[in-house]
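These notes are about the structure you will find just below.
Convention: sequence-line order gives letters A, B, ...; per-chain numbering from 1. From a predicted model like this one, the values you see are computed outputs, not experimental measurements.
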Amino acid sequence: MQRTLITSALPYINGIKHMGNLVGSQLPSDVYARFCRATGHEVMFICATDEHGTPAELAAAKAGRPVAEYCAEMHKVQARLASGFRLSFDHFGRTSSDENHTLTQHFAGRLADAGLIREVLEEQVYSNADGRFLPDRYIEGTCPNCSYDSARGDQCENCTKQLDPTDLINPRSVISGSGDLEVRETKHLFLRQSAMRRQLDEWIDNQIGWPVLTTSIAKKWLHDGEGLQDRGITRDLDWGVPVRRGDADWPGMENKVFYVWFDAPIGYIAATAEWAAVKGLGEDAWQRWWRTDKGAEDVRYVQFMGKDNVPFHTLSFPSTLMGSGEPWKLVDFIKSFNYLTYDGGQFSTSMGRGVFQDQALGLLPSDYWRWWLLTHVPETSDSEFTWENFQATVNKDLADVLGNFVSRVTKFCRSRFGKEVPSGGTYGATEETVIAELTTRVATYQKHMEAIEIRKAANELRAIWVAGNEYLHSAAPWAVFKKDAATAAATIRFAMNLIPFYATLSEPFIPDASKTMITAMKCGGYVWPKDVAAALGRLAGGEGFEVPEHLFTKISDDDREAMKAKCTGQEA
RNA sequence: GGGCCUGUAGCUCAAUUGGUCAGAGCAGAGCGCUCAUAACGCUUUGGUUGGGGGUUCGAGUCCCUCCGGGCCUACCA
């Protein structure tokens with residue numbers, strides 16, 4: 001049995017995410033996971049909330065809550081939304097878990113033992129009023145270059161000049177507004193990625209068929225300027241994984257934590273360990289997915305992420321795994337995505353611009369969103385969400401082509417043949433032709449899914465739906481029925497068989513509608529059509545069935561305008 | 001400033017490593033059908049593939065340049 005490990009980039013903990021975050025990683029990974037399961041792979045599909053770092057602390061402070069409590073609650077919110085969109089994670093973990101603490105500290109210890117960690121004494125800005133060190137972008141002041149008065153410590157938004165916090169005139173804390181700042185020395189750990197450069201370069205070169213978006217970003221970081229730079233992996237914060245060297249103290253690093261980008265990807269492994277713990281399984285259960293010395297050598301590992309996450313997954317995380325000197329499973333294929341835009345501009349959390357996940361589920365069932373997002377997933381370039389396009393796509397594809405097909409077939413069957421699938425007549429040349437066409441199309445569909453070409457797969461799936469309507473038109477059972485009820489019975493039996501067939505093929509994209517279809521046909525569940533002819537003979541006649549309610553309701557122009565109004569320009 | 005991606009019919013997108021590849025879906029037009037969510041089927045109108053130049057027997061597909069969109073990164077030659 002083929003074994004496939006799938007991870008989706010981890011959503012950050014602060015706040016509700018918009019649809020761009022969903023389409024850029026979690027949703028396509030879910031389609032792939034469902035497809036793999038349907039075709040018989042053993043699948044481990046992992047995601048988690050990324051909970052550490054300053055933004056989480058500040059969001060918690062703003063909410064007037066202890067950060068651990070805030071994260072616990074937001075994790076539940078995000079888990080509920082993931083469930084609402086039917087994301088079929090085997091486990092949705094948290095980077096704040098005990099497992100992640102242990103593993104992160106373990107990796108740091110191994111890397112230190114391998115000589116891949118160096119200590120660096122740095123000067124950073126400390127805010128006395130806030131009682132904490134401030135990251136560069138949390139310091140504001142007047143730009144020495146253009147005199148803009150709200151320049152951030154890392155860059156002036158007005159003149160785009162790169163800045164050092166100490167360059168700012170009248171610097172102040174963004175958090176408290178206090179100008180009581182001072183520069184203090186602090187020691188941090190750096191991961192010596194530069195020492196891994198050659199190894200990473202060879203590893204990237206050996207990857208075949210990775211998207212250009214993925215490799216070009218990795219190569220840029222590896223070769224640009226002076227090459228791959230070492231990166232700080234610790235911070236002066238309270239909230240995070242305490243710096244320890246394995247299970248030992250790390251002298252001089254008291255009261256510091258690992259930086260999020262170091263512990264977050266380790267969270268993939270930790271979340272799998274969480275899964276094992278929840279299931280009451282031992283260490284072996286998760287290690288056979290992650291350790292090539294413990295059963296993972298035959299695992300294919302596929303990662304999904306937005307393009308902003310590529311450097312961490314092509315360089316930093318592999319550095320961590322390779323540098324440990326232990327046989328950890330490295331990624332085999334990285335599927336990266338561009339961005340989704342909203343009516344010509346960026347989705348904006350701060351402006352409340354766009355469609356947010358909780359809003360979306362309040363407006364329409366998840367299948368509507370899944371179908372539109374997946375047929376427009378930004379694989380080759382950024383793609384744009386418009387309400388008009390959403391309405392047109394959903395109405396045409398889901399309500400008209402698929403939903404109406406199920407309606408016309410089941411209603412016709414009920415009115416002319418009663419409560420059971422008719423057993424009269426036999427399939428003939430027309431059916432053979434359709435079987436041949438569908439055999440080709442299913443093969444194409446599967447090829448695209450295996451290559452994780454989501455849009456192409458969706459197009460092929462739609463063509464498979466269309467074939468049903470074409471078949472009905474050419475067989476015209478409503479006309480034939482008047483003279484030859486047996487032949488009409490065979491036609492309608494064939495058409496009825498298309499419903500569980502469609503349900504099975506469509507399940508990765510629209511799981512709820514598929515469930516409705518398969519249930520209505522009372523045929524015992526999904527069976528992947530390895531042999532189309534056999535699949536279309538499952539219902540031999542005599543089976544009961546239900547006429548389902550409309551699978552999809554159309555979105556009227558008024559509905560569309562109302563939804564658009566709800567999602568436009570409110571302050572978040 | 002540098003690097004990368006991108007610009008194909010009104011809209012959303014396809015076009016095996018240059019050679020019937022100028023296509024599909026939607027929208028528009030016409031016809032047909034009546035089982036069905038005024039749904040479905042068939043036919044059909046749209047493009048000198050952002051502009052210009054070049055290489056080639058032949059270029060959306062390679063090179064140069066200009067214009068537009070996006071992402072990453074930065075003063076380094």
Side-chain angles (χ1 to χ4, degrees), chain A residues 24 145 154-155 160-163 209 211-229 306-312 314-315 336-341 344-346 372-417 444 447-448 451 453-463 465-482 488 491-492 495-496 547-556:
Chain A
N145 187 49
D154 54 347
Q155 181 176 34
T160 74
K161 183 172 177 60
Q162 296 282 309
L163 299 171
V212 177
L213 187 63
T214 303
T215 51
S216 65
I217 291 173
K219 284 292 182 179
K220 160 77 173 166
W221 283 56
L222 277 167
H223 298 295
D224 194 50
E226 295 170 14
L228 189 58
Q229 299 298 300
K307 57 187 168 186
D308 52 327
N309 260 316
V310 169
F312 303 126
T314 52
L315 304 169
S336 53
F337 296 93
N338 290 282
Y339 296 140
L340 182 68
T341 61
Q346 298 279 348
W372 188 88
L373 290 169
L374 289 164
T375 50
H376 294 79
V377 60
E379 285 175 311
T380 52
S381 63
D382 291 354
S383 63
E384 180 179 359
F385 177 90
T386 65
W387 287 98
E388 288 74 15
N389 187 292
F390 176 69
Q391 175 193 27
T393 301
V394 163
N395 285 352
K396 192 68 191 175
D397 295 351
L398 297 182
D400 294 346
V401 175
L402 178 63
N404 181 56
F405 175 79
V406 173
S407 286
R408 65 194 297 204
V409 171
T410 51
K411 287 183 179 172
F412 184 83
C413 187
R414 174 110 325 158
S415 68
R416 305 298 156 87
F417 295 101
T444 303
K447 184 189 75 182
H448 290 320
E453 299 260 18
I454 307 283
R455 292 170 94 132
K456 289 180 181 174
N459 283 337
E460 198 60 31
L461 178 59
R462 186 186 187 283
W465 296 341
V466 168
N469 285 311
E470 291 172 351
Y471 167 71
L472 280 184
H473 177 80
S474 62
W478 46 88
V480 172
F481 181 78
K482 295 168 186 167
T491 295
I492 216 64
M496 293 286 275
V547 177
E549 294 297 310
H550 287 168
L551 246 37
F552 298 96
T553 306
K554 291 222 217 188
I555 300 169
S556 70

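With 3.5 Å as the limit, one finds a donor-acceptor pair spanning the side chains of Asn389(A) and Trp372(A).
Among residues two or more places apart in sequence or in another chain, the side chain to side chain donor-acceptor pair (under 3.5 Å) test is passed with His448(A) by none. Under the side chain to side chain donor-acceptor pair (under 3.5 Å) criterion, Ser474(A) pairs with no residue, sequence neighbours left out. Annotation: side chain to side chain donor-acceptor pair (under 3.5 Å) contacts of Glu379(A) (sequence neighbours excluded): Lys335(A).
Considering all non-hydrogen atoms of both residues, His550(A) and Ser407(A) come closest at CD2-OG, 3.6 Å.
With A15(B), A39(B), U12(B) as the choices, the nucleotide that has an atom nearest any side-chain atom of Asp400(A) turns out to be A39(B). Nearest nucleotide to the Tyr339(A) side chain, out of C26(B), G41(B), C72(B): C72(B). Side chain of His376(A), nearest nucleotide from C71(B), C40(B), U12(B): U12(B).
Phosphate contact (OP1/OP2 of C35(B), side-chain N/O of Arg414(A), threshold under 4.0 Å): absent. The side chain of Lys554(A) contributes an N or O atom lying less than 4.0 Å from OP1 or OP2 of A39(B).
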(request) Under 3.5 Å for both distances, Watson-Crick or G-U wobble, that's the pair rule; now give the dot-bracket for RNA chain B, with | marking pairs to another strand and [ ] for crossing ones. (result) (((((((..((((.....[...)))).(((((.......))))).....(((((..]....))))))))))))....
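Using a 4.0 Å cut-off on heavy atoms, the residues of residues 389-399 of chain A that approach RNA chain B are Asn389(A), Lys396(A), Ala399(A), listed by number.
Comparing the same atom, P, in C64(B) and in G3(B) gives a spacing of 11 Å after rounding to whole Å. Between G46(B) and U12(B), the distance separating the two C1' atoms is 16 Å to the nearest Å. When the C1' atom is used for both U37(B) and A24(B), the distance is 25 Å, rounded to whole Å. Remark: the separation of the P atoms in G1(B) and G47(B) is 38 Å, to the nearest Å. Taking the P atoms as reference points, U45(B) lies 16 Å from A22(B), given to the whole Å.
Heavy atoms of Lys411(A) sit under 4.0 angstrom from primed sugar atoms or phosphate atoms, though from no base atom. Nucleic acid contact class of Val377(A) (heavy atoms, under 4.0 Å, all strands): none. Leu551(A) comes within 4.0 angstrom of a nucleotide base, judged by non-hydrogen atoms across all strands. No contact: Phe481(A) has no heavy atom under 4.0 Å from any strand.
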(message) Protein within reach of the bases, or only the backbone? For nucleotides 28-33 of chain B, mark each nucleotide 5' to 3' as B, S or -, using heavy atoms under 4.0 Å.
(response) ----BS
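Spacing between atom CD of Glu453(A) and atom P of C13(B) amounts to 15 Å, rounded to whole angstrom units. Counting to the nearest Å, the P atom of G70(B) and the CZ atom of Phe385(A) are 20 Å from each other. Look at CE on Met496(A): it is 17 Å from P on C35(B), rounded to the nearest Å.
Base orientation of G32(B): anti, since the glycosidic angle falls outside 90° of 0. Classification of G60(B) as syn follows from a glycosidic angle within 90° of 0.
Aromatic rings of Phe481(A) and Phe417(A) (six-membered ring for Trp) have centroids within the 6.0 Å cut-off, being under it.
Between the side chain of Asn395(A) and the backbone N or O of Lys554(A), no donor-acceptor pair lies under 3.5 Å.
In terms of polar N and O atoms assigned as donor or acceptor, the side chain of Asn404(A) never comes within less than 3.5 Å of the base of A39(B) in a complementary pairing.
Partner Phe412(A) forms a side-chain contact (heavy atoms from CB on, under 4.5 Å) with one of Arg416(A), Arg408(A), Arg414(A) and no other, that one being Arg416(A).
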(message) Under the criterion side-chain contact (heavy atoms from CB on, under 4.5 Å), I'd like the reasoning laid out for Thr375(A) against Arg462(A): C-alpha separation, chi angles, the key distance, then a yes or no.
(response) CA-CA 10 Å; Thr375(A) 50; Arg462(A) 186 186 187 283; over 6 Å; no
